[in-house]
Structure formats: C-alpha cells, structure tokens
Amino acid sequence: MKAERAKGRKLGHLHLRYLNPLPANLGDVLKRYRKVLVPELNMGQLLWVLRAKYLVDAVGLKQNSGASLQTERA
C-alpha cells in the first residue's frame, strides 16, 4: 500500500476483525470506493457475501494453495 500511495494512487484499506455480524456501516464504507478488491485465502465466500448483501462490484483475489498472499506473484 505504501509503495502505491507513493506513486500517487489513492487507496483505502479495511480490515474486518469479525464477520458475524458484519459491521453495521460496512455497506456505507464500501460504496465510497469505485473499485473494491477482496483478497482471500479460500474459495471466495466473503466476496460472495459482500456482493450479495451490499451490491458492490467487488473483485476477488483468491489464493487457496495453502501459502500466504504475496505482493508479487512469481
């Protein structure tokens, strides 16, 4: 994030500490952004919930190989 902000990109970051119940203002927060990226270490369940419940055009970055997410892919 710091590297992209240094390039002049406007970015936001949201860390969901709990999923049930989802935060009451989550829909308002998500609608502030033109693009929403949801990185997940599973099959995209959170992405599905966010798109269905809040009607945002979120894009998923899924990795289910058992390894942690990396900033660059080999």
Side-chain angles (χ1 to χ4, degrees):
M1 296 261 315
K2 290 179 184 179
E4 294 300 316
R5 284 185 176 149
K7 294 178 186 176
R9 294 186 184 214
K10 296 179 181 180
L11 301 172
H13 172 260
L14 172 69
H15 182 108
L16 294 173
R17 296 189 184 268
Y18 56 90
L19 298 175
N20 191 15
L22 288 167
N25 67 338
L26 183 58
D28 295 331
V29 171
L30 292 175
K31 289 180 192 250
R32 290 184 209 161
Y33 297 94
R34 287 184 295 139
K35 296 181 181 180
V36 176
L37 176 67
V38 182
E40 294 188 76
L41 290 174
N42 55 31
M43 299 301 292
Q45 292 92 334
L46 179 60
L47 174 64
W48 183 82
V49 169
L50 296 178
R51 291 183 74 165
K53 185 167 185 171
Y54 301 109
L55 302 176
V56 292
D57 190 21
V59 175
L61 175 64
K62 296 174 246 172
Q63 180 176 338
N64 56 6
S65 64
S68 61
L69 288 172
Q70 302 295 321
T71 55
E72 294 182 22
R73 293 188 181 187

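By convention here, the first residue in the shown sequence is residue 1. Note that the structure is predicted; figures quoted are calculated from it, not measured. Only heavy atoms go into these numbers, but all of them, side chains included; no hydrogens, no water, no symmetry mates.
- Closest heavy-atom contact between Val56 and Arg51: O-CG, 3.5 Å.
- With values rounded to the nearest 0.5 angstrom, Leu47 atom CG is found 9.0 Å from Leu37 atom CG.
- Put simply, the side chain of Lys31 gets close to the backbone of Tyr54: a donor and an acceptor are under 3.5 Å apart.
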Exercise. Walk me through it: do Val36 and Leu50 pass the test side chain to side chain contact (heavy atoms under 4.5 Å, CB included)?
Key: CA-CA 10 Å; Val36 176; Leu50 296 178; 5.5 Å; no

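- Annotation: side chain of Arg5 is not in contact with side chain of Lys2 (no heavy-atom distance under 4.5 Å).
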Quiz item: Stepwise, does the side chain to side chain contact (heavy atoms under 4.5 Å, CB included) test hold for Glu40 with Leu61?
Solution: CA-CA 6 Å; Glu40 294 188 76; Leu61 175 64; over 6 Å; no

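- A continuous path of Ile, Leu, Val, Met, Phe, Trp and Tyr side chains, each step under 4.5 Å between heavy atoms, connects Leu46 with Leu14, placing both in one hydrophobic cluster.
- Under a hydrophobic-cluster definition in which Ile, Leu, Val, Met, Phe, Trp and Tyr are linked whenever side-chain heavy atoms come within less than 4.5 Å, directly or via other members, Trp48 and Leu22 are assigned to the same cluster.
- Under the 4.5 Å side-chain heavy-atom criterion for Ile, Leu, Val, Met, Phe, Trp and Tyr, Leu30 and Leu16 are members of the same hydrophobic cluster.
- Between Lys62 and Asn42 the shortest side-chain heavy-atom distance does not fall below 4.5 Å.
- Contact annotation: the side chain of Leu19 never approaches that of Val49 to less than 4.5 Å [non-hydrogen atoms, C-beta and beyond].
- Going from atom NZ of Lys35 over to atom CG of Asp57 covers 10.0 Å, rounded to the nearest 0.5 Å.
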